[in-house]
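Presented below is the structure to which this report refers.
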Amino acid sequence: QKEVEQNSGPLSVPEGAIASLNCTYSDRGSQSFFWYRQYSGKSPELIMFIYSNGDKEDGRFTAQLNKASQYVSLLIRDSQPSDSATYLCAAFTKFNKFYFGSGTKLNVKP
Amino acid sequence: GAVVSQHPSWVICKSGTSVKIECRSLDFQATTMFWYRQFPKQSLMLMATSNEGSKATYEQGVEKDKFLINHASLTLSTLTVTSAHPEDSSFYICSARELISNQPQHFGDGTRLSIL
């Protein structure tokens, strides 16, 4: 079992819709969670991080964390074609280890 | 803040050459730096983790004598690909983070290495 699992996609949504990206993690002791966006041929860039149960909003992005279910999600409201990229979920564990998921490819169709 | 600079961004060289890639944290002290490799359309693959002043920890299957990592200061880590061959051609990405708990990794822009 991988430490962090994501559906590889692709996830296709129409422009203006809400894109929902999901991630599960196996280490219940994981402390913090990060979402990165990676455009093709580029390195990942940090979008959001979340430590506490519940929702955290930043502009069009909302990260959601449910520690009981070991589930993290990223919602992108009013999706734009420029949001088309691979989204990586990462977990930081109590053993000071980072684990990345394999990423979900998002296509936002004009 | 939290800028990581990686240099060079693109290298093309002949087989057998050694190539050095630098990774610098510009506005924070990076107690830990990571080196990744990514092949086209594949996931990030962690190669090694380095902590300032100590030897790097390599992931299983990564040859430490092939990929030499030095993390001599809190702002600089280097990856040297020794005697590079065409199969070493890939996208190499570094990242860095502060020691403070729960801090994210910040990525450099990556180095595209092509060995002829």
Side-chain angles (χ1 to χ4, degrees), chain A residues 2-10 21 23 25 27 29-53 56 58 61 63 65 67 72 74 84-107, chain B residues 1-10 21 23-25 28 30-52 54 57-60 79 89-114:
Chain A
K2 292 183 179 179
E3 298 286 344
V4 176
E5 302 225 38
Q6 296 180 255
N7 188 317
S8 61
L21 302 158
C23 168
Y25 60 95
D27 184 353
S30 296
Q31 301 170 336
S32 49
F33 306 88
F34 307 90
W35 283 100
Y36 291 84
R37 175 175 62 197
Q38 186 176 24
Y39 292 111
S40 180
K42 302 292 186 182
S43 66
E45 56 178 323
L46 180 68
I47 300 175
M48 289 193 71
F49 54 88
I50 187 166
Y51 310 142
S52 305
N53 270 330
K56 180 180 179 183
D58 183 0
F61 299 97
L65 173 60
K67 289 188 177 181
V72 192
L74 179 69
S84 297
T86 297
Y87 290 79
L88 303 171
C89 172
F92 179 66
T93 73
K94 60 181 181 290
F95 299 110
N96 288 335
K97 293 279 284 185
F98 262 91
Y99 293 100
F100 281 87
S102 56
T104 298
K105 187 171 183 179
L106 173 66
N107 290 328
Chain B
V3 177
V4 175
S5 173
Q6 187 173 341
H7 178 81
S9 56
W10 197 292
I21 302 170
C23 181
R24 294 181 185 271
S25 58
F28 66 100
T31 47
T32 306
M33 288 186 168
F34 305 85
W35 288 95
Y36 294 86
R37 181 166 54 180
Q38 188 173 37
F39 293 107
K41 300 189 186 303
Q42 294 190 19
S43 306
L44 286 176
M45 188 193 81
L46 179 65
M47 300 175 66
T49 302
S50 73
N51 292 297
E52 184 265 339
S54 60
T57 301
Y58 291 81
E59 296 298 304
Q60 192 172 10
L79 167 68
S89 298
S90 188
F91 189 42
Y92 292 85
I93 312 171
C94 75
S95 70
R97 68 181 295 268
E98 295 178 88
L99 182 60
I100 302 169
S101 182
N102 293 329
Q103 288 297 301
Q105 292 185 32
H106 300 283
F107 286 87
D109 288 340
T111 297
R112 198 161 300 281
L113 175 62
S114 295

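Under the 6.0 Å distance and 45° angle rule, B/Arg97 does not count as a cation-pi partner of A/Phe98.
Interatomic distance, CZ of A/Phe49 versus CD of B/Gln103, reported as 7.0 Å (0.5 Å rounding). Note that OG of B/Ser43 and CD of A/Gln6 are 9.0 Å apart. Values are rounded to the nearest 0.5 Å. For the atom pair CD of A/Glu45 and CG of B/Asp109, the computed distance is 10.0 Å after rounding to the nearest 0.5 Å. Between the OG atom of A/Ser40 and the NZ atom of B/Lys41 there is a distance of 6.0 Å, given to the nearest 0.5 Å.
B/Gln105 touches chain A through backbone and side chain together, each having a heavy atom under 4.5 Å away. Interface remark: A/Phe33 contributes no atoms to any contact with chain B (heavy atom separation under 4.5 Å).
Across B/Phe107, B/Tyr36, B/Phe91, the residue that shares the most heavy-atom pairs under 4.5 angstrom with chain A is B/Phe107.
For A/Lys2, the NZ atom is loosely surrounded, since the number of other residues' heavy atoms within 6.0 Å does not exceed 12. The local environment of NZ in A/Lys42 is sparse, with at most 12 non-hydrogen atoms from other residues, nucleotides or ligands closer than 6.0 Å. The neighbour count for A/Asp27 CG, taken as heavy atoms of other residues, nucleotides or ligands under 6.0 Å away, is above 12.
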